[in-house]
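Everything below concerns the one structure shown next.
Just the heavy atoms: all of them, side chains too, but no hydrogens, waters or symmetry mates, feed the values below.
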Amino acid sequence: MNERVTDIAAILRRGLEDDIPELRGDARTVELLGASVEANVDTILHALQHDIPVARINAPTAAIEYARRLAQHGVPVNALIRAYRVGHRRMTELVFAELRAGDIAAADGVAVAQAITTPMFEYIDRITTQVVAVYETEREQWLESRNSARALRVGEVLSGREPVDIDATTESIRYPLRWHHLALILWYPDTGASRDELTRLQRFVRELAEAAGTAAAPLFAAADRTSAWAWLPYRSERSDAVTQVRDFASRRPDTPRLAIGIMGQGLSGFRRSHRQALRARSVALARAGAEPGITVASDPGLSAAALFDGTRAEVGEWVDEVLGELAAENNNDARLRETLWVFLHTGSSYKAAAAQLDLHSNSVKYRVGRAVSRRGRPITDDDRLDVELALLICHWYGAAVLRPNPD
């Protein structure tokens with residue numbers, strides 16, 4: 001099993017996501033979950049192989065960091081504890097499956113099972129105690145360090161679990177909930193950020209609001225140590241608000257990553273714009289190695305693409321089935337996909353596609369032919385929608401859903 005640590009960890013991670021909804025966070029948190037699971041699997045298997053006493057083992061760094069991240073995001077500690085219990089059960093099942101597949105006498109199999117399961121139980125018991133302690137310490141420090149009352153009230157407003165007195169809440173959070181709102185998600189890449197990241201984000205939002213001509217001060221709420229939620233308030237609909245935000249952010253050398261919702265009015269618009277910004281952020285984070293600086297929910301096709309999780313293997317498998325060789329990760333196929341997407345989006349008009357792509361219509365016709373050839377079969381009325389959707393997913397998720405180039 002030591003030779004298959006990565007595969008075993010992937011099985012466990014998928015099981016945890018399926019069984020424990022609270023663990024289905026953003027792409028960065030899910031990635032950290034995978035790292036935590038793999039580190040734990042690697043540690044216990046090596047401990048068993050080399051007969052290392054559990055009492056000498058401490059929680060892996062990735063497991064500690066994952067516990068901290070859950071605390072910062074307000075995920076209940078019970079979800080963390082259950083993750084270790086569910087993981088322990090699944091790992092035990094895999095061990096017994098391995099024993100059944102081996103050529104081991106029944107009596108020896110019982111002894112082997114006992115030699116494995118007892119240390120595994122002790123390991124889970126010890127590591128769970130350690131990560132829960134880290135979680136509780138981090139949660140206490142996090143609640144103390146953030147603007148607790150305001151941020152927690154914003155969380156209550158977003159949850160929608162309780163009726164909201166709009167006027168009273170407006171006064172308590174010092175933000176006009178009856179106005180029009182443009183929601184933002186801001187974050188810095190998680191690369192050992194310093195403790196002043198939230199201060200930098202808050203300063204950026206304050207200056208952005210001034211440049212974007214808001215009618216009141218923006219609302220800022222920390223999400224964790226390197227990311228935040230914000231809302232820009234306007235008295236009336238502003239069609240140029242996103243453009244102003246883009247212009248300001250593109251001129252700043254210290255601009256964080258930015259996901260922007262669609263402007264909405266009142267309490268429902270406040271919540272809806274935030275949900276749209278979260279979906280835009282999920283797409284940005286899933287673009288492996290190609291995360292754009294600014295992602296906007298109103299960009300063509302993004303809202304539809306956001307309904308899919310580009311980090312899940314099933315999405316990439318489906319794209320591969322629909323597009324064939326055209327789903328390869330290289331510059332040539334990327335150009336062919338873009339041309340085919342625009343061609344289909346413009347009603348299969350070579351002339352309209354040529355105008356949008358700034359190409360000669362003959363060039364568009366050639367590229368479309370090459371794209372269909374790479375796909376391996378013609379596009380029919382029955383599968384045209386599938387092709388358009390697969391191309392849309394490729395456009396937004398990039399390498400995360402594409403077939404990697406052979407080494």
May I ask you to check whether over 12 heavy atoms, not counting those of Gln114, lie within 6.0 Å of atom CD?
-> no
Strictly by modelled atom types, are Asp383 and Thr380 linked by a side-chain donor-acceptor pair under 3.5 Å?
-> yes
Where Gln244 and Gly213 come nearest, the two heavy atoms and their spacing = OE1-N, 4.5 Å
Distance col, row Leu267:CG vs Gln265:CD, nearest 0.5 angstrom, shows 11.5 Å
Residues Glu98 and Arg4 bridged, charged N to O under 4.0 Å = yes
Under 3.5 Å, side-chain donor or acceptor atoms of residues 214-223 against the rest of the protein: list the pairs with distances, not counting sequence neighbours.
unit_1	atom_1	unit_2	atom_2	d
Thr214	OG1	Ala209	O	3.3
Thr214	OG1	Ala216	O	2.9

Just checking, is any N or O donor in the side chain of Thr169 or Arg153 under 3.5 Å from an acceptor N or O on the other one?
-> yes
Atom pair NE2 (His274) and CG (Leu158), whose distance is rounded to the nearest 0.5 Å = 4.5 Å
Rounded to the nearest 0.5 Å, the CG atom of Asn2 sits from the CD atom of Gln49 at a distance of 4.5 Å
Those residues at least two apart in sequence (or on a different chain) that pass ring pair (Phe, Tyr, Trp, His ring centres under 6.0 Å) with Tyr135 are none
How far does CD1 of Ile262 sit from CG of Leu302, to the nearest 0.5 angstrom?
-> 9.0 Å
Mutual orientation of the aromatic rings belonging to Trp231 and Phe270 [parallel < 30°, tilted 30-60°, perpendicular > 60°] = parallel
List the atom of Asp299, the atom of Arg246, and the distance in Å for their closest heavy-atom pair.
-> OD1-NH2, 2.7 Å
If you round to the nearest 0.5 Å, how far is OG1 of Thr295 from CG of Leu285?
-> 8.5 Å
Indicate yes or no: does Arg90 engage Glu93 in a salt bridge with an N to O separation below 4.0 Å.
-> yes
With side-chain contact (heavy atoms from CB on, under 4.5 Å) as the test, would you mind laying out the steps for Arg257 and Ser227 before giving the verdict?
-> CA-CA 9 Å; Arg257 299 289 192 264; Ser227 64; over 6 Å; no
Quickly, which of Glu329, Glu317, Glu325 forms a salt bridge (Lys or Arg N to Asp or Glu O under 4.0 Å) with Arg403? Name it, please.
-> Glu325
Would you check if Glu136 and Arg139 make a side-chain contact, meaning some heavy-atom pair closer than 4.5 Å?
-> no
Please step through salt bridge (charged side-chain N to carboxylate O under 4.0 Å, His left out) for the pair Arg335 and Glu338, ending with a clear verdict.
-> CA-CA 5 Å; Arg335 283 192 294 270; Glu338 180 189 16; over 6 Å; no
Validation row: Leu32, Arg28 side chains within 4.5 angstrom (heavy atoms) = no
Minimum heavy-atom separation for Leu402 to Ala327, with atom names?
-> CD2-O, 3.3 Å
Counterpart residues, ring pair (Phe, Tyr, Trp, His ring centres under 6.0 Å), relative to Trp341 (two or more places apart) = His395
With sequence neighbours left out, the residues meeting ring pair (Phe, Tyr, Trp, His ring centres under 6.0 Å) with His73 are none
Does Glu314 CD have over 12 foreign heavy atoms under 6.0 Å away?
-> yes
May I have all residue pairs that pass salt bridge (Lys or Arg N to Asp or Glu O under 4.0 Å) and include part of residues 202-214, sequence neighbours excluded?
-> Glu207-Arg252
Arg69 bridged to Glu65 by N-O distance under 4.0 Å | no
Is atom CD of Glu3 surrounded by more than 12 heavy atoms (other residues, nucleotides or ligands) closer than 6.0 Å?
-> no
Hey, are the side chains of Val401 and Trp318 touching, using non-hydrogen atoms and a 4.5 Å cut-off?
-> no
Heavy-atom distance under 4.5 Å between the side chains of Trp179 and Tyr234, does that happen here?
-> no
If we only count heavy atoms from C-beta on, is the Leu186 to Val205 side-chain gap below 4.5 Å?
-> yes
Main-chain N/O of Asp18 paired with Arg24 side-chain donor or acceptor, under 3.5 Å | yes
Can you establish whether the number of heavy atoms outside Glu31 located under 6.0 Å from its atom CD is more than 12?
-> no
Where do Tyr175 and His181 land on the side chain to side chain donor-acceptor pair (under 3.5 Å) test, with the steps shown first?
-> CA-CA 10 Å; Tyr175 180 85; His181 323 282; 2.9 Å; yes
Give, for atom CD of Glu22 and atom CG of Leu16, the distance between the pair rounded to the nearest 0.5 Å.
-> 12.0 Å
Taking Arg13 for the side chain and Val30 for the main chain, is one N or O donor matched with an acceptor at less than 3.5 Å?
-> no
Could you tell me whether Asp19 and Arg85 make a salt bridge, using a distance below 4.0 angstrom between a side-chain N and a carboxylate O?
-> no
Side-chain donor or acceptor of Arg375 paired with backbone N/O of Val322 under 3.5 Å = yes
Please confirm whether the backbone N or O of Arg251 pairs with a side-chain atom of Thr255, one donor and one acceptor, at under 3.5 Å?
-> no
Have a look at Arg370 and tell me which of Leu340, Asp333, Leu336, Leu326 forms a side-chain contact (heavy atoms from CB on, under 4.5 Å) with it.
-> Leu336
Per side-chain contact (heavy atoms from CB on, under 4.5 Å), Glu38 is matched among Ile8, Leu12, Val5 by Val5
What are the two closest heavy atoms between Ala9 and Val37, and how far apart are they?
-> O-CG1, 3.5 Å
Going by distance alone, is a donor N or O of one side chain under 3.5 Å from an acceptor N or O of the other, for Asp240 and Thr243?
-> no
Does Ser36 offer a backbone N or O that forms a donor-acceptor pair with the side chain of Asn40 under 3.5 Å?
-> yes
N/O donor-acceptor pairs under 3.5 Å from side chains in residues 356-367, not counting sequence neighbours:
unit_1	atom_1	unit_2	atom_2	d
His360	ND1	Asn362	N	2.9
Arg367	NH1	Thr339	OG1	3.2

Give a yes or no answer on whether the side chain of Ser273 reaches the backbone of Gly269 with a donor-acceptor pair at less than 3.5 Å.
-> no
List the steps, then state whether side-chain contact (heavy atoms from CB on, under 4.5 Å) holds for Tyr350 with Val368.
-> CA-CA 9 Å; Tyr350 294 112; Val368 169; 4.3 Å; yes
Side chains of His46 and Thr43 in contact at under 4.5 Å (non-hydrogen atoms) = no
Would you mind reporting whether Tyr66 and Thr29 have side-chain heavy atoms less than 4.5 Å apart?
-> yes
Test log, rule ring pair (Phe, Tyr, Trp, His ring centres under 6.0 Å), inputs Tyr188 and Phe204 | CA-CA 12 Å; Tyr188 287 108; Phe204 176 87; 8.4 Å; no
Can you see which heavy atom on Val296 is nearest to which on Val242, and at what distance?
-> CG1-CG1, 3.8 Å
With side chains defined as the heavy atoms from C-beta onward, is the minimum distance between Asp108 and Val110 less than 4.5 Å?
-> no
If only atom types and distance count, is the side chain of Thr346 paired as donor or acceptor with the main-chain N or O of Phe343 below 3.5 Å?
-> yes
Met263 and Ala241 have their tightest heavy-atom pair at CE-CB, 3.6 Å
